[in-house]
Structures are given as C-alpha cells and as structure tokens.
Amino acid sequence: MKIIPQIFYQTPTLHVTRQLLGAIIETTIDGQKTSGIIVETEAYLSENDPACHAGRGMTKRNAVMFNEGGAAYIYLIYGLHYCFNVVTETKGIGCAVLVRAIEPLQGIEIMRQRRKTSGLANLTNGPGKVCQALGINLRHNGAALYGRSPVTIYQGNKLDSAKIECDSRIGISQGKELPYRYFIKIEN
DNA sequence: TATTGGATCGCC
DNA sequence: GCGATCCAATAG
C-alpha cells in the first residue's frame, strides 16, 4: 500500500475531503495494528464557516489546525470523546477534515475490546467511535500522517464517483446549510 | 469569575 | 430524552 504524500493535503480542502473517501487509516498502538476504510468525512473551512474551530483565531486547543497540511488535529468533545481530523492547506490557514466513520479492516477484535462492544455495525460509525476503536487520543495531536508515525493514511482503491454523496454536516448549530459532508452511498 | 453550549455516545 | 463533564466564548 502507498502512503498518501504530504502534498495531497495541501490541495483544496473540499478536494481532500472528497478524495479521502476510500482511503485507509491505520494505527499501530502498543504493537496493535488496526485499520479501516474511510467512508464519511466533513470539511471545516477557515473562511465563511461558523462551525470551524479555527474561525475566530488560534487557541490552545486548535493550534495544530494552523500547521501545514498532513498533520492530525485531535480534540476532546463534550468532555469525553475525541475527534480525529486531518489538517489541510498550507501553514497558517486553519482548515481540516473530520473523519466521521470508517469500515473496519484489520484488528477488528482489538477494536471491539477498545469499544467494549461485540457488534460490528456500531463499531466505527461516528467520530468518537472511530477514535476509540483506533486507539487515538491527544497524544497523537499534531502527528504527521504521511511518515513513520502511529497514525498513517494509505491510498485506497479508486471509487466510482456515482457512489459519493454530499450534504450538510451533522451535529452543528451554525453553518448547517453548507454541503461539506461527504460519504459513500450504501448499496441496496 | 461564572455560565453556557459544543464537530458525541450510550443508556433511560 | 438525558447525563457525562472538558474547553473556550460570552456575559444568554
């Protein structure tokens, strides 16, 4: 498998959001390898996007959003869940892509243990669940995704563009009308 | 300085 | 529908 190079993350954010569908995210934590295919993403833009953390300047929490594209931006939401994002654009911009859901590939038993569930359907179908299953936490904030790192993203198989849908984002109160959520359509 | 709401999840 | 309970924006 080929690691996605850093230059990819510096292409326009909505392009990255769309192109990350089908890519493979893999973590190696305490010698345990887990991975999955990215099936749902959301863009958060620095311009004209009231839901973006970076929209009103840098804080301690969002500082890595202003790094060069290709870094992991991880934050704690509601005091108890982590969200995993990929930083995009060039240094100082402040855009990112949230990974909302993956389809489990490797290490499914490890993911079940981390998630404390025996199910498969509810293993990685939400941003907090993805982080818990992959073992991602604040230690990985700022990590490079294109090199030797506990979190790496690989190119996936090419997707049929007819299978990709786009609509409004989930769980936000501002910027609801923006069509920045991309996902792979479920087959009948 | 105190309060409120948030890119969520699991259980009631 | 509600509670868990950290971070940061607002004075709700």
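Keep in mind that what you see is a predicted model, and the values were worked out from it rather than measured. By convention in this document, chain letters (A, B, ...) are assigned in the order of the sequence lines, proteins followed by strands, and residues within each chain are numbered from 1.
- For Leu98(A) and dT8(B), the CG to C1' distance is 11 Å, given to the nearest whole Å.
- For Arg115(A) and Ile172(A), each mapped to the nucleotide of DNA chain B holding its nearest heavy atom, the one lying further toward the 5' end belongs to Ile172(A).
- A side chain to side chain contact (heavy atoms under 4.5 Å, CB included) with Tyr44(A) is found for exactly one of Leu178(A), Thr13(A), Asp49(A), namely Asp49(A).
- Between dG6(B) and dG12(C), the two C1' atoms lie 15 Å apart (nearest whole Å).
- Remark: P of dT8(B) and CZ of Arg169(A) are 11 Å apart, rounded to the nearest angstrom.
- For the P atoms, the distance linking dA4(C) with dA8(C) amounts to 23 Å, nearest Å.
- Neither side chain, Thr17(A) nor Thr41(A), offers a donor N or O lying under 3.5 Å from an acceptor on the other.
- Geometric assessment of Arg61(A) against the ring of Tyr75(A) yields a positive cation-pi assignment under the 6.0 Å and 45° thresholds.
- Atom P of nucleotide dA7(B) and atom CD1 of Ile136(A) are separated by 19 Å, given to the nearest angstrom.
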Can you give the dot-bracket line for DNA chain B, where a pair is Watson-Crick or G-U wobble with both atom distances under 3.5 Å, crossing pairs use [ ], and | marks a partner on another strand?
||||||.||||.
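- Using atom C1' as the reference point in both dC7(C) and dG10(B), the two lie 22 Å apart (nearest Å).
- Rounding to whole angstrom units, OH of residue Tyr182(A) and C1' of dA7(B) are separated by 17 Å.
- Atom CZ of Arg114(A) and atom CD1 of Ile29(A) lie 5.5 Å apart (nearest 0.5 Å).
- Using P as the reference atom, dT5(C) and dC12(B) are 16 Å apart when rounded to the nearest Å.
- No donor-acceptor contact under 3.5 angstrom links the side chains of His140(A) and Tyr82(A), judged on distance only.
- Atom CZ of Phe84(A) is separated from atom P of dT8(B) by 16 Å (rounded to the nearest Å).
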Do nucleotides 3-10 of chain C as a string where each nucleotide becomes B, S or -: B if the base has a protein heavy atom under 4.0 Å, S if just the sugar-phosphate does, - if no protein is that close.
-BBBSSS-
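- Among the protein residues, Asn122(A) comes within range of no part of the nucleic acid, since none of its heavy atoms lies under 4.0 Å from any strand.
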Please table the atom pairs, donor to acceptor, closer than 3.5 Å between any side-chain atom in residues 93-108 of chain A and protein atoms at least two apart or in another chain.
residue, atom, partner, partner atom, Å
Arg100(A), NE, Glu40(A), OE2, 3.1
Gln106(A), NE2, Glu26(A), OE1, 3.1
Gln106(A), NE2, Ser35(A), OG, 2.9

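- Between the NZ atom of Lys116(A) and the P atom of dC11(B) there is a distance of 12 Å, given to the nearest Å.
- Interatomic distance, CG of Asn122(A) versus CZ of Arg115(A), reported as 6.0 Å (0.5 Å rounding).
- Neither OP1 nor OP2 of dA7(B) sits under 4.0 Å from any side-chain N or O of Lys176(A).
- Of all heavy-atom pairs between Lys176(A) and Ile172(A), the closest is CE-O, 3.2 Å.
- Mapped onto DNA chain B by nearest heavy atom, Gly128(A) and Ser173(A) fall at different nucleotides, with Ser173(A) at the one closer to the 5' end.
- Each of Ile38(A), Thr152(A), Thr124(A) was scored for a side chain to side chain contact (heavy atoms under 4.5 Å, CB included) with Ile25(A), with one residue passing: Ile38(A).
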